[in-house]
Structure formats: structure tokens, C-alpha cells
Trainee: 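To start, I am sharing the structure in question, which I have written as C-alpha cells.
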Amino acid sequence: VLQAAEITQRVPIQFSPDGRFVAYTVQNPGRIEPTGDDRYQAIPKTSAAPEALGCDVWIVDVAKGRARNITEGKGTSWGPAWSPDGRLLAFYSDRDGLARVWVWEAATGAVRRVSDAVVRTYFNFEVARWSPDGTWILAKILPEKMTLEQVRDLTVGPRSAEGGAPAAAGPTVKVLRAGRGAEPPKNAEAAPATTEKPWWVNVNRADLAAIDVATGETRRLTANLRPRGYWLSPDGTELAFTDLAGSVENTQQPIYDLYVVALSDGRVRSIGRKLHMAYGISVSWSPDGKSLAYVRSGQMTPDQVVVLSAADGRERLVAAAPSIDGDYQDFPPLWQSQGGFLCLWGEKDLRKVDLATGESTTVLSVDGDLLHVVGRPGSGRYWSPDGGRSLYVAFRKGATKRAGYLRVDLVTGKARTLFEEEVHLDRGPFSTDVSPDGNRVAFARQDATHPEDLWIAGVDFADRRQLTRVNPSLGGYRYGRTLLISWAAGSDRLRGALLLPSGYQPGKRYPLIVNVYGGSSRSNSLFRFGLSGSGVENMQLFATRGFAMLLPDSPIEQRRNAPMSEIARTVLPGVDKVVETGIADPDRLGVMGHSYGGYSTLSLIVQTTRFKAAMASASFSNLISMYGVMRNEASASIGYLERGQGGMADTPWKVRDRYIENSPFFFLDRVQTPLLLVHGSLDQPERAEETFVALRRLGKEVEYARYEGEQHWEGTWGYANQLDYWKRILAWFEEHLMPGADPK
Amino acid sequence: MRTNFRGLSTGLTVGTLLLSCASALPAAPRLAPLPTEVALSERSIGLYSAIRLSPDERRVAYTICDPRRVPQEPDPRYQAHSRTGVWRFGLGCDVWVTDTASGESKNLTGATGSNWAPNWSPDGRHLAFYSDRGGSAALWVWSPESGNNRQLSQVIVRPWGTSPMAWTPDGRSLVAPVLPQGTTLEQAANLAQPAPAPAAPKSGKDEATVTVYRSAPSPDSPDRASATGVWSTEFQRADLGLFDVESGNVRRSVTGEKVSGFWVSPDGLRLAVMLDRGFSAAQSQQPLYDLKVLAIAGGAARTLAERVPQAVVPGVTWSPDGKSIAYLTVSGDCFLVPAAGGPSRKITLTGTPRPLYGIDETVVPVFDSRGRALYFLSRGALWKVALEGGSPAVWSKLDGRQLKAVVPGGSADSLLLITRDEETKQEGYYEASLATGATRKVWEGPRSVGRDPAFRVAAGAGSIVFAGQDAARAEDLWILSRGASEPRRLTHVNPAFDDFVMGEGRLVEWWNADGKKLKGALLLPAGYQEEKRYPTVVFVYGGGLLSDSIHTFGMRGAWGSDDNFQLLATRGYAVFLPDAPSDWKDQMRDLPKNVLPGVNRIIELGIADPERLGIMGHSNGGYSTLALITLTQRFKAAVMRAGLGNLVSFYGEMGKNGTHYGLGVAEHAFGMGTPWDSRNRYLENSPIFYLDRVETPLLIVHGSIDDAVAPFLAEEVFVGLRRLGKEALYARYEGEGHSLASYVNQLDYCNRMIAWFDEHLKPGAAAK
């Protein structure tokens with residue numbers, strides 16, 4: 001399972017202009033090596049995007065279903081983009097040492113490097129774009145007059161000599177200032193200048209450039225900014241882009257400046273300052289090129305759509321957007337091709353904003369979730385089968401978690417279900433595309449026993465069929481089935497995805513592991529293969545070894561400011577429910593979680609002794625020490641704790657007791673559950689180590705596995721470490737929940 | 001005093017200057033700021049390398065260490081022993097010999113490599129020392145006859161602590177710790193701490209890079225069982241080698257143990273060893289040792305005592321007849337054990353025990369020359385007990401004087417007591433007669449005789465050589481001939497200081513908030529004028545008795561005061577080092593009660609300007625500094641070095657080798673209990689929760705590989721102050737540990753510290 005290839009997250013798929021092929025990106029976790037040094041966390045050695053390591057670009061023949069790896073496992077290659085004439089496919093690749101723009105020639109199958117310019121991207125979606133005439137490619141490249149190491153220094157500071165050879169002469173000091181009197185003291189001129197922006201801003205340092213496909217000649221369109229999203233105007237004469245400016249102080253609310261650059265003379269004009277967006281990619285051009293719309297969202301912001309003049313940035317319209325939570329923040333407003341109205345979609349609602357009147361009306365509300373609106377990625381428009389009146393939207397039912405597509409009439413608001421099945425469809429627009437002739441839709445689909453693949457359908461999603469088989473090797477196993485269970489927690493009705501062990505026999509009780517993540521609706525993963533989005537979290541690894549798995553919803557009432565007890569309040573009745581149904585053995589319960597799920601796991605085992613084994617990866621237990629974490633000079637947790645998921649809503653000086661009462665650390669003396677802690681050494685291991693040291697001192701059973709040179713999430717780990725991680729957690733739960741004997 | 005080995009390592013900012021002083025004409029000292037380069041280049045008489053008089057007393061051997069010759073070493077694995085195997089206190093040192101009659105001095109090792117622990121053979125024909133001048137640490141001998149140095153063997157030595165190599169009585173062989181057979185220097189370094197992650201994993205695809213730590217190490221597991229102690233003692237792992245001086249052949253006796261100490265029997269046939277047995281409990285800083293005896297050439301060892309609680313550097317004494325071994329425990333009890341085995345005799349004393357910790361309190365019992373009685377320091381007095389039986393009794397006691405150590409005297413019938421006058425802090429030497437117990441003052445004066453005084457004195461029949469210093473004068477060797485009343489200076493290690501008028505020390509007294517009388521060391525500004533008020537920097541350390549630093553040069557000494565405060569005194573500051581006694585359980589309660597009345601006192605005396613007060617401290621003193629600025633706003637600038645603000649997160653810090661230093665400090669040294677049974681005590685004593693009250697600009701100084709107070713503990717404070725909009729400056733020194741080791745970083749720090757106080761306390765300005 002860990003070797004299994006996956007369709008890469010957040011890299012758009014794309015139909016060829018003639019509709020004969022779909023290009024997509026596949027990630028092979030077995031090809032990822034450990035990060036090794038924290039210098040390479042945000043900017044890998046080759047300047048590839050950190051989440052795009054181990055990738056290949058594939059194309060699949062729509063008619064014949066034949067798939068082909070056009071990059072053949074050399075380095076990492078990702079982000080395919082067809083030229084307008086379909087003769088070339090551009091992509092990023094570090095196949096010869098550094099990430100650069102390459103093209104594949106459809107006629108010959110040959111690949112060619114377009115230019116020497118080093119690509120500099122952070123997120124997977126920052127892919128190359130073609131000019132309308134197909135003569136140049138827009139890409140994000142290393143800023144002029146900067147080396148890769150210099151950009152890296154801006155994210156982590158100059159290379160530390162730790163572990164290396166003795167440094168050269170000269171002090172090794174790094175100085176940070178805070179507060180009033182930030183005037184440097186007189187004798188401190190020797191101090192190196194500190195980076196003026198936090199690392200997560202500086203990691204975006206790049207120039208947007210037009211690279212001539214024939215000559216490789218590079219024309220820089222921006223100079224030394226931090227561009228994030230970029231969109232060519234419909235007529236191809238202008239480029240809009242967002243520049244990450246920082247964040248609202250002490251929050252996790254990023255702010256962006258929006259610019260337009262004229263390609264003819266390179267002149268840049270400011271359209272908007274300090275705009276509130278999450279990823280800075282929720283911007284779209286109006287079809288006439290006269291306006292730009294963006295979704296204003298984030299921690300500090302009411303959800304709104306704003307339309308600005310592309311000429312001078314004047315606000316033309318502000319209207320309510322549908323309610324959007326953190327997972328929905330990165331999707332731009334979608335224009336009707338005729339430009340009469342804008343469509344916006346959020347968690348549950350589809351809204352239409354009339355551009356003439358400014359009126360914002362809800363077209364559709366679902367009991368469940370909206371997942372995406374079908375359109376061509378990056379186009380800023382929805383795709384309509386009937387000239388703009390209707391669109392396709394993916395949904396998931398709340399009560400059953402079944403998913404499918406609706407055809408929605410934007411005028412009448414009528415919605416027709418095109419299909420609804422026990423499947424999982426992706427949230428977000430990246431893994432859906434429409435053929436240029438509009439006759440076919442490609443989309444990603446998976447279910448509880450089948451990993452994600454691309455499927456293709458005709459008009460109105462008729463004739464759906466599987467297009468790719470990314471993982472033929474995953475057939476032939478008996479996978480566990482999933483079922484949805486529900487329970488009451490106070491006045492809330494909560495649900496959970498229950499994965500049965502393979503070969504489940506009714507009437508027999510099984511060991512149960514609860515995979516917890518406070519604040520999430522984990523039941524939404526019911527029809528995901530392995531209940532997760534990634535091989536490294538594939539719960540079938542447990543199910544095929546005789547465990548039942550529960551992924552419970554755990555909504556947290558933010559206003560209670562008590563996440564620790566909220567997690568117990570919501571999750572424990574779900575566990576009761578699985579015991580009641582006769583599936584789980586109450587004496588063989590385990591619990592596990594990652595990141596905030598690790599915190600959730602620790603929160604549970606200080607409040608109940610019913611679990612016989614626990615595993616917390618990338619966890620933390622002490623919100624006070626968490627508050628003070630500094631990463632690459634930036635305060636890493638303040639916004640998180642004061643405004644975000646941490647749920648404290650204020651500083652430790654104002655609400656000290658709240659921090660303490662929600663820190664499992666202070667209650668570790670109550671733990672009776674053997675605990676396995678897992679942490680990457682580049683992920684502030686001190687946060688896990690204080691839990692370990694405390695439990696060891698208290699004489700509790702605890703084990704701590706520290707993975708050298710690894711980051712926060714196991715999905716980014718080297719393959720050998722992923723394998724070790726799984727062997728270790730399986731052995732841990734087998735040791736404690738399956739002591740040799742048959743289930744009772 | 002609850003320092004420990006690690007705490008000790010903090011104090012060592014020692015310096016030198018490579019200048020030729022012979023031609024320098026004495027010039028009148030001038031009133032000018034002491035350049036930081038000069039202060040930091042101070043050469044020092046090596047710490048823990050004993051001063052050794054030759055048997056004929058014609059020569060004295062010692063080391064002089066040059067801080068500019070200490071290499072930068074960012075790799076935490078090489079903090080205890082360097083890459084070439086040099087014990088950290090030997091780095092950058094040279095072996096010197098001075099003619100006691102003429103004062104003529106000679107550098108035997110000529111600034112090549114690191115050279116330390118000189119030790120005369122019993123016949124005086126050889127001077128053995130350790131050196132890496134041949135590439136890696138090895139045993140060398142210098143011959144006074146030929147004047148040549150000779151490397152005895154290629155075998156790599158592995159000494160640590162205070163024990164040098166030991167001569168056999170016949171002068172033909174030497175015993176020294178050596179690297180375990182088949183081990184490289186890097187492998188030995190990896191024992192103390194797993195190697196840092198390789199920048200590029202060698203076989204990333206095939207090999208996991210996991211380290212597993214368990215609450216209870218499983219013996220069957222191939223995973224590395226983690227250390228559970230408060231720090232790792234793996235750096236002690238060694239074989240004992242018996243070196244033949246003629247041939248250089250080496251025979252190994254003890255192999256692969258953690259050898260904490262070794263002593264050759266008087267007949268030269270046996271060895272007593274103390275082997276490390278870990279700590280008395282997971283949270284304890286109390287080391288335990290097994291005492292064993294074996295034949296000097298190796299063979300089976302007999303265990304004489306198990307789990308003996310002693311200081312970080314243990315000590316035992318052979319009786320003159322070689323039939324018994326005596327040692328003291330930390331509680332001040334004395335034990336006498338037959339070397340051939342059999343029941344030991346415990347000599348328990350009455351009175352309050354004074355626990356002993358730290359290298360500087362290595363105390364061993366002393367036998368008289370005929371082996372009839374045993375003498376030892378305990379409970380502030382010299383005790384005598386007859387070996388044939390009977391109760392121990394106080395033999396010698398000096399009213400009003402603390403007995404710091406006892407060493408063999410120059411004659412068979414006397415012992416030399418190293419003393420400190422509790423009232424004046426004057427230090428000196430008294431001779432105690434073994435026959436009568438009567439004491440006689442040898443010499444006493446307004447000087448310090450060192451932090452490790454037992455290693456800084458050599459008593460011969462005709463003279464005593466010792467290292468002395470005072471507030472305004474750097475350390476030198478002095479010689480006191482028998483019968484003379486005043487010592488004569490034998491060396492002139494740092495002539496560069498002669499050019500400057502230094503500040504003088506003054507002892508001040510006050511009553512703390514509980515009515516207890518306390519003392520403080522006040523370093524006056526150079527050229528101090530009465531009636532004038534000066535900006536004053538308070539150097540603080542909760543629980544420390546800092547007035548003991550009154551007679552050390554620049555008020556350096558224990559409690560992390562490793563800055564030469566003459567840097568401030570020659571720039572117009574007064575520096576105040578107050579006693580701040582505490583049982584450490586509630587430092588935030590005790591600190592203001594002790595320190596603030598002391599500050600009031602120096603204001604009352606008309607010396608300190610109340611509007612221009614600064615405060616600083618190192619380690620627990622950094623914590624104390626932060627604590628005080630959350631409790632009062634009277635300080636205008638503060639410096640926290642290697643400090644912390646949150647005792648809960650300090651409690652949870654873990655070393656890469658699995659050690660939990662902070663937990664040991666909080667529970668054992670501070671006696672605070674656990675965060676679960678004493679949560680409020682942890683919270684109430686954590687300044688982090690009171691940062692919103694801080695009005696004092698704070699400079700935070702920390703080393704990136706500090707394994708005592710991890711840098712994240714300083715960063716919590718900086719992040720908190722930054723969040724609150726307070727003025728703070730955080731200087732993080734890459735590749736530096738709990739104290740700054742490299743000259744360039746020391747220089748940067750000192751300039752920065754001075755600039756910080758200059759900016760906020762404006763020493764040039766007139767007092768209000």
C-alpha cells in the first residue's frame with residue numbers, strides 16, 4: 001500500500017485540446033527521500049515543490065484507455081499543461097538536477113528542456129500556463145540576481161554549522177528584535193540583517209516570467225515579489241497576480257496585494273492592497289477582461305465576493321458569499337461566459353450574484369456538502385452544457401455520504417441528480433476537467449475498496465467509465481467494508497465512518513481503533529479508499545489485519561473554548577455506539593491521531609482509561625509551550641492558538657487557566673493507556689518530547705519514535721521511514737489489542 | 001552548592017593574549033575602557049589541571065590556556081572531548097614550568113596542540129602530560145634533563161574530570177584512561193549522543209532513520225535503549241591503560257567501563273577504581289559509583305562497595321599500608337573499607353550534614369603518614385578518627401572560617417586547610433598539626449585562591465605555590481616560602497592588564513525582607529569618586545551566594561558570572577553581585593526578598609543611581625533576571641543568558657540521547673516536586689505567565705546547541721515578549737552550548753552586552 005502510486009493532490013488534470021488525451025500527475029511515495037535537513041523543508045534541494053516529490057506526468061488515451069508515463073521516473077515531474085495546438089505538453093521537472101520548464105512533443109515523444117531558468121514554486125497548483133498563441137509559457141522562476149541558496153536563507157536563515165565541520169572565523173550570531181526601540185544598538189553593526197518577512201512569506205520569492213518556447217528566452221514580468229496566484233486575461237494581453245504581503249498580526253489571516261501587469265510594456269498597476277484571502281488563488285477575470293473578482297475570506301473576515309475594476313482597482317461590487325470554512329477558501333468566483341452573473345459555492349450553498357443589481361441569491365442548498373463545480377481549472381468560469389444557464393456540481397449527502405453530480409439550472413434553481421453512488425469525489429477543482437468540445441468530463445473517483453482513479457463520462461455524466469488504473473497492484477486483496485454509524489452527543493447528531501475488518505463476521509467482536517481529529521467531520525471519508533486521502537494513512541492496513549476502525553465526527557463548539565473536553569464529549573459516545581452494535585470489543589479499544597489528531601488522542605487518554613493503546617503522531621500536549629514556538633524566526637503558533645484551530649481565543653496572559661485546562665500535559669498523571677509517540681525531527685520534536693519525558697517520569701508505558709530528517713506529515717517522509725512507521729504502529733496495536741488470542 | 005558537572009562547564013570563559021611581554025616597559029595604568037579583545041584574550045591558569053611542585057621543589061609545573069586557541073566546535077558530540085580527544089578543560093592549553101627560585105618560566109609545549117594535566121614522576125625525572133600535539137590525545141613526557149618532549153605511545157587517551165594520569169611509586173609506569181579497544185574517537189563521541197542527522201541520508205531509500213526511546217528499555221530490543229538519567233555519563237567510557245615509560249607498551253586492565261576515577265595503591269600493585277553506576281533515581285542528579293580493586297595489570301576486580309553516592313567527580317584514599325581505602329559520601333559520612341574485602345566501617349557524625357556536590361568540592365579523607373588515623377572535612381570542621389577504633393572527633397576548627405578543602409601539607413605531620421573567612425571573604429591557608437590539632441595561619445589575604453582551590457595549590461617542605469587573584473588583578477602563581485609572611489609573585493601571565501586602572505571590590509551588607517543579613521560583592525567603577533552615583537548592573541543568580549566572588553578578578557567565579565565585569569567597571573558602571581539564598585523551591589518568592597533590599601542598600605550608600613539600574617544573569621541566573629523584571633519595573637535594561645521563563649517546558653526538555661536535564665534540575669536540584677503534585681508551584685515560579693508586566697528591555701542570549709537549557713526555552717520568552725509588544729532582542733549563537741566557547745562569539749556577545757547597557761543606562765550621562 002505504501003508503494004502505491006496516487007494521483008497527486010492539487011495538481012490540475014487537463015484534457016488535450018483535441019480531447020484525445022488527459023494529462024495528469026502521479027506520485028510514487030516509494031521514490032521520496034527524507035528531507036534530511038530543515039533547510040530543504042520548504043525548498044527541496046532541486047527547487048521542486050515540496051509536496052510534488054516523486055511525481056511523474058502521465059497521459060491517458062481517452063478512447064483506448066491506454067496510459068503512458070511520459071517522464072519515466074527521472075527526478076520529479078509535475079503540472080502538465082497542453083499547448084493550445086496540442087503539439088506540446090509543458091511540465092515542471094528536476095530530471096536533470098534542478099526544477100525547470102520542460103516540454104514533451106506529442107509527435108515524437110521526446111522531452112526537451114525549454115530554458116535554464118530554475119522553477120520556484122511552493123504549492124502544487126502553481127503550474128505553468130501557455131500564452132494564447134502558444135509561443136511562450138508563463139512560469140514562476142527563481143528571482144533575478146538571487147541564487148537558490150539565497151532564497152533558502154530567507155526561509156531558514158544562513159546555513160547553520162551544526163553537525164558540520166567547524167565554521168570559519170567570525171561570530172555565528174543571529175539577532176532578532178521586538179517591540180519598541182527597534183533601533184539597533186551602536187555596536188551591533190556586525191549583526192547580519194535578519195529576514196524582513198517570515199519564512200512562509202519568503203518561500204514565495206519568485207519572478208513570474210514568460211519563457212519563449214522556441215528560444216528559451218526569458219522575460220521577467222515581476223521582480224523579486226512573492227507571487228502566489230496568476231491569471232492571464234481572457235485576451236492574453238495582461239496578467240493578474242497576487243503577491244503575498246504577510247498576515248494580520250498574531251492571526252493566521254494572510255494578506256495579499258493584487259496587481260495587473262500589461263504584457264506589452266511590462267507596466268504594473270496595483271488593483272488591491274491587503275486583500276484577505278487564504279491561498280491567494282481565489283481570483284478570476286471577467287470574460288470581458290474589465291473586472292477581477294475575488295473571494296474575501298479567512299480567520300478575520302466575513303465571507304464576501306468582491307468585484308474590482310481591472311483598470312484601477314475600484315470596487316464595483318461587494319456581495320455576500322456562501323459560508324465557507326477553511327477547506328473552501330481557495331476557490332475563485334466563477335463567471336458566466338456572458339458575464340451576467342457570478343457563481344460561488346461554499347460548504348453547502350451555491351450562490352449567484354447578479355452583476356447588474358449586485359443581488360446575491362442562493363440557488364441551491366444541500367444537506368451535506370458541495371464538493372466542486374465543473375469547469376476548466378484556472379479558467380475562472382463554470383462549464384455549462386447549455387450556454388450558461390446550467391452547471392454541474394459535485395455533492396455529498398450528509399446522511400449517507402454518497403456522492404455524485406447534480407445539474408443545476410441557475411435560473412430556476414432546479415437541480416437534477418445525474419448520479420449518486422457510494423463513491424468519494426474530490427473537493428476542489430483540481431481533479432476535474434471538461435474536454436474542449438464539451439462532450440466529456442474527466443473526474444477523480446474512489447470508493448472504500450478501490451483507490452482513486454480518473455473516470456470519464458459523457459454529457460450529463462452518462463456512460464461513466466474508469467479511465468486509468470493507477471494502481472493495478474492493489475487488486476486481489478480482501479478489503480474491509482465501510483458503514484456509516486451515528487450517535488447523539490448532547491443535542492448534536494454525529495456520524496462516524498466505520499471500517500470493518502476484512503472477512504468480518506457478524507456477531508463477533510473485534511479490536512477497534514478510533515482515528516480521531518478534533519473539529520473534523522471524519523465520516524466524510526466513508527467512501528475513500530482506506531478512509532483517507534493518502535496511502536500513508538490507509539486504514540485498510542488495519543482492516544486487513546483484523547482491526548475495525550472508527551473515524552468519528554468531532555465538531556468542536558468554538559465558543560466553549562474547551563477543545564479538550566469537546567473532543568471527549570463528541571467522540572466517546574461514538575465509541576459506545578460501536579460497542580453497542582456488537583462490533584467492537586470494549587476491552588480492546590485503541591485510539592490514534594496525527595497533528596491536531598495527536599493532540600486529540602492525548603486529550604482523550606487523560607480523560608478516559610478505556611483505551612488499551614494509543615498512538616499520537618506529530619502531537620503536542622502543552623499549549624503554553626506550543627504558544628512560544630518559533631520556526632525560522634516567525635512565531636509559529638500564536639495565530640493558531642489565539643484565532644485558529646487551537647481554540648484559545650486569547651493570549652495566555654488573559655486566559656491562562658484556559659490554556660492549562662486544555663493542555664493534556666497537566667493531566668498526564670491520569671494516563672493508563674500505553675502510548676506510542678511518533679515525530680519527525682524537523683517538526684519541533686520538543687512538543688512530543690515533553691510528553692514523553694513526563695510519562696516516563698510518571699512510570700507510564702510510553703515509547704517515542706523520532707524520525708531523523710522528517711517533517712510534519714508522514715506523507716512527505718522517505719519511503720523507508722514510512723514503512724518503519726507502519727510496521728511500528730501495527731506492531732504497537734497488535735501487541736496491546738491482539739495479545740495472541742482469537743477475538744472473544 | 002548544587003552545581004554539577006554541566007553547570008560547571010558554564011563558567012569557563014578564560015582567556016589569553018599572544019603577546020610578547022618581555023619587552024613591554026611598565027607604563028602607568030590609565031583610566032580607559034578595557035578593550036573587549038584584551039579582556040577576552042586573558043590567558044588563564046588551567047582549571048582542574050593541578051599545579052605541581054617537582055619533588056625537589058625547584059620547579060613548578062602548570063598549564064596556561066589561551067582562549068583564542070580554542071577551536072570552534074559546533075558539533076554537540078564533541079563538547080566533552082574534542083575531535084582529537086582533548087578533554088574540554090585542556091583545550092588551548094600549554095604546559096609551563098617555572099623555576100621557583102629565579103621565576104624564569106618556560107613554555108614546554110610552545111602553543112602546539114592542547115596540552116594539559118602535567119604530573120611529575122615520583123623521582124622528578126619526568127613530567128607526564130596529555131597532549132594532542134601528535135594528532136590525537138596521547139600521553140607525553142618531558143624530561144628536565146634533556147628538555148625534550150616524547151610521546152609515550154600512539155594509544156589515544158580518554159581522561160576527563162580532575163584525575164590526571166597516575167604514576168606508580170617506582171616511576172616506571174603510568175596509569176591513564178584510554179579509548180576502549182577498537183573504538184574510534186567518533187564512535188566514542190557517538191556514545192554520548194547519537195550522531196546528528198546526516199545532511200544527505202546515505203541510503204535514504206533502504207534505511208529508516210528512526211531512534212526509539214522507551215519508558216522502560218527492553219533488553220531484547222535492537223533499538224537503542226535511551227538514557228534515562230539527567231545527563232549522559234557515556235563520555236567516561238574508557239579502558240585503563242598501564243603505560244611502560246621506557247618502552248611505551250600499554251596493557252589494558254579495566255575495559256569498556258565508565259571509569260569515574262582510579263587510584264594506584266601505595267605498593268604500586270593494585271588499582272582502586274570508581275565505576276559509574278548511573279543516578280540514584282530517574283529524576284536525581286545524584287551519581288552512584290561502585291568501588292572496586294584489581295591488580296594493576298588487570299584481572300578480576302573485587303567489589304568493595306556498591307552504589308556509593310559521591311560528587312560528580314568521586315574520590316577515595318588508600319591507607320599508607322595499602323590495606324584499606326577510605327572515602328566520604330555526599331552526606332558527609334566517612335567509610336573505611338578493607339582492600340582485601342570484608343565489612344566496611346561507617347564513621348557517622350553527629351550534626352547537620354552538608355551535602356557535597358560538584359567538582360570543586362571533591363573531598364577525600366587523608367591518612368597520617370603512619371596510617372594510624374584518618375582525617376576528613378565534614379560539617380565545617382576537620383575530623384579525626386583513629387583506625388583502631390573509637391569515635392570520630394572534631395580535630396581542628398577555625399571559627400568564622402569556612403574550610404574549603406584539605407590537602408596534604410608540606411610535611412608528614414601536617415595538613416593544609418584552604419580557608420575562607422565568612423566575614424571578609426578573605427581566603428588563605430592554615431596548617432593543621434596532626435599531632436595536636438592546633439592550627440597555624442600560613443597566609444590569608446584579600447585574594448581568591450580559585451574555584452578549584454585543591455588543584456591550585458602545591459605544598460612542599462620549603463614552600464607553598466598557589467594561584468591567587470583579586471578583584472582588580474588577574475590570576476598568577478605566587479610562592480610563599482616557609483617562614484615568610486607575604487607571598488612573592490612567580491608569574492606574570494597577563495601583562496596587558498597592567499595598562500588599565502581597574503575597578504576595586506567592596507563588600508556590602510544588608511538585611512533581607514526576612515531580617516537575615518546578606519552580603520554582596522560590589523565592583524566599583526574604575527576611578528570611583530565618592531559623592532557620585534553610577535549606573536549599576538546587578539548580576540543575579542537565585543540561590544547563589546555571589547558575594548564569594550568579591551576577590552576574583554572582574555568578579556568572575558561561580559554562578560555563571562563568567563563575564564569579566566571589569567569590562568563594565570572600566571566603562572563607568574558599578575556591578576553588584578548580591579547573595580540570594582534560596583531553597584530553590586520558590587525562587588520567585590525569594591529573589592525579590594533578597595535582591596531588592598540589596599539594591600536599595602547600594603543606592604543608600606550613594607553609589608548606585610536608582611534611575612540607571614540594569615540586571616543580568618546566566619542559566620538559572622538568566623531565569624532569575626527574567627523573574628525579577630516581571631516583579632519590578634525599576635530595572636532599565638536586562639540581559640538573560642542561557643535562561644528560561646517556563647519551568648513546565650523546562651521540565652519536559654529532552655536531550656537527543658534521551659536524557660532529561662530540566663526534570664532533574666526541577667525535581668532534584670530545586671526540590672519542586674512534579675508538575676502534577678505541585679502544579680501551582682511550577683506556574684507561580686514561571687515568569688512566562690507574567691511577561692505582560694515586563695517594562696524592562698531584555699536582551700536574550702542563547703546558544704543553539706545548549707543541552708542544559710535548550711534554545712526553545714529562550715525562544716518561548718522572545719515570542720511571548722514580541723507578542724506583547726515589549727522591547728526585546730534575541731541573539732542566538734549557532735553552534736554554541738550553555739556558555740559561549742569560541743572567542744569570536746564571546747567577543748560579539750560582550751560588545752553586544754556592553755552596547756545594550758550603554759544604550760539604556762547611559763553611563764556617560766550625569767546622575768539625576
Trainee: So what's closer than 4.5 Å to chain B heavy atoms on A:R687: side chain, backbone, both or neither?
Mentor: side chain
Trainee: Hey, which of A:V629, A:I624, A:V678 has the most heavy atom pairs under 4.5 Å with chain B?
Mentor: A:I624
Trainee: If you round to the nearest 0.5 Å, how far is CG of B:D677 from CG of A:D669?
Mentor: 8.5 Å
Trainee: If you look at every heavy atom in A:N721 and B:V210, which pair is closest and at what distance?
Mentor: OD1-N, 4.2 Å
Trainee: Counting only non-hydrogen atoms closer than 4.5 Å, does B:Y690 touch chain A with its backbone (N, CA, C, O), its side chain (CB onward), both, or neither?
Mentor: both
Trainee: Calculate, to the nearest 0.5 Å, the distance between atoms CG and CG belonging to B:L729 and A:L176 respectively.
Mentor: 8.0 Å
Trainee: Can you tell me which of A:G680, A:P685, A:S625 forms the most heavy-atom pairs within a distance under 4.5 Å of chain B?
Mentor: A:S625
Trainee: Are B:R214 and A:E701 ion-paired here, with the side-chain N under 4.0 Å from a carboxylate O?
Mentor: no
Trainee: Counting only heavy atoms closer than 4.5 Å, note whether A:Y725 contacts chain B via side chain, backbone, both or neither.
Mentor: neither
Trainee: Between B:L724 and chain A, which part of the residue has a heavy atom less than 4.5 Å away: side chain, backbone, both or neither?
Mentor: side chain
Trainee: Donor-acceptor pair, B:D748 side chain versus A:V173 backbone, under 3.5 Å?
Mentor: no
Trainee: Does the side chain to side chain contact (heavy atoms under 4.5 Å, CB included) test come out yes or no for A:Y704 and B:M654, once each step is laid out?
Mentor: CA-CA 12 Å; A:Y704 164 42; B:M654 189 178 98; 3.4 Å; yes
Trainee: With only heavy atoms counted, which part of A:V702 is less than 4.5 Å from chain B, the side chain, the backbone, both or neither?
Mentor: both
Trainee: Looking at A:L668, A:L695, A:L676, which makes the most heavy-atom pairs under 4.5 Å with chain B?
Mentor: A:L668
Trainee: Could you list the residues that satisfy ring pair (Phe, Tyr, Trp, His ring centres under 6.0 Å) with B:Y749, not counting sequence neighbours?
Mentor: none
Trainee: Let me know if B:R723 has heavy atoms under 4.5 Å from chain A in its side chain, its backbone, both or neither.
Mentor: both
Trainee: Quiz question: by atom type and distance under 3.5 Å, do the side chains of A:N622 and B:S649 form a donor-acceptor pair?
Mentor: no
Trainee: Below 4.5 Å, heavy atoms only, C-beta onward: do A:Q684 and B:F712 meet side chain to side chain?
Mentor: no
Trainee: For the interface with chain B, which of A:E710, A:E689, A:R656 has the highest count of heavy-atom pairs at distances below 4.5 Å?
Mentor: A:R656
Trainee: Go through A:D724, A:N250, A:T691 and name the one with the most non-hydrogen pairs under 4.5 angstrom from chain B.
Mentor: A:N250
Trainee: Is the shortest heavy-atom distance from the side chain of A:M630 to the side chain of B:E716 under 4.5 Å?
Mentor: no
Trainee: Tell me, for A:K700 versus chain B, whether the close heavy atoms (under 4.5 Å) come from the side chain, the backbone, both or neither.
Mentor: backbone
Trainee: Quick one: closest heavy-atom pair of A:E708 and B:T209, and the distance?
Mentor: O-OG1, 2.8 Å
Trainee: Does a donor on one side chain sit under 3.5 Å from an acceptor on the other, for B:R722 and A:S635?
Mentor: yes
Trainee: Any side-chain heavy atom of A:F666 within less than 4.5 Å of one from B:R679?
Mentor: yes
Trainee: Identify which part of B:D692 has an atom lying under 4.5 Å from any heavy atom of chain A, answering side chain, backbone, both or neither.
Mentor: both
Trainee: Given B:E715 and A:K174, is the salt bridge (charged side-chain N to carboxylate O under 4.0 Å, His left out) satisfied, shown in steps?
Mentor: CA-CA 13 Å; B:E715 284 163 11; A:K174 191 152 104 178; over 6 Å; no
Trainee: Give, as side chain, backbone, both or neither, the part of B:E653 having an atom under 4.5 angstrom from any heavy atom of chain A.
Mentor: backbone
Trainee: Below 4.5 Å from any heavy atom of chain B, which atoms of A:Y659 appear? Answer side chain, backbone, both or neither.
Mentor: neither
Trainee: Do you know the tightest heavy-atom contact between A:P171 and B:N745?
Mentor: CA-OD1, 3.0 Å
Trainee: In terms of heavy-atom pairs under 4.5 Å, which option from A:A694, A:S637, A:G699 contacts chain B the most?
Mentor: A:A694
Trainee: Can you confirm whether B:E684 is buried at CD, in the sense that more than 12 heavy atoms of other residues, nucleotides or ligands lie under 6.0 Å from that atom?
Mentor: yes
Trainee: Please classify the contact of B:S686 with chain A as side chain, backbone, both or neither, using a heavy-atom distance under 4.5 Å.
Mentor: neither
Trainee: Is B:V717 in contact with chain A via its backbone, its side chain, both, or neither, using a 4.5 Å heavy-atom distance?
Mentor: neither
Trainee: Can you check whether B:I688's main-chain N or O pairs, donor with acceptor, with A:W653's side chain at less than 3.5 Å?
Mentor: yes
Trainee: Determine whether A:E703 and B:Y213 satisfy the following criterion, side chain to side chain contact (heavy atoms under 4.5 Å, CB included), listing intermediate values before the conclusion.
Mentor: CA-CA 6 Å; A:E703 191 167 311; B:Y213 307 86; over 6 Å; no
Trainee: Specify whether A:F665 and B:Y651 have parallel, tilted or perpendicular ring planes, treating 30° as the upper limit for parallel and 60° as the lower limit for perpendicular.
Mentor: perpendicular
Trainee: With only heavy atoms counted, which part of A:A636 is less than 4.5 Å from chain B, the side chain, the backbone, both or neither?
Mentor: neither
Trainee: To the closest 0.5 Å, what do you measure between CG (B:L699) and CZ (A:R177)?
Mentor: 10.0 Å
Trainee: Enter the distance from B:N646:CG to A:E690:CD here, rounded to the nearest 0.5 Å.
Mentor: 8.5 Å
Trainee: Does any heavy atom of chain B fall under 4.5 Å from the side chain of A:Q722, the backbone, both, or neither of them?
Mentor: neither
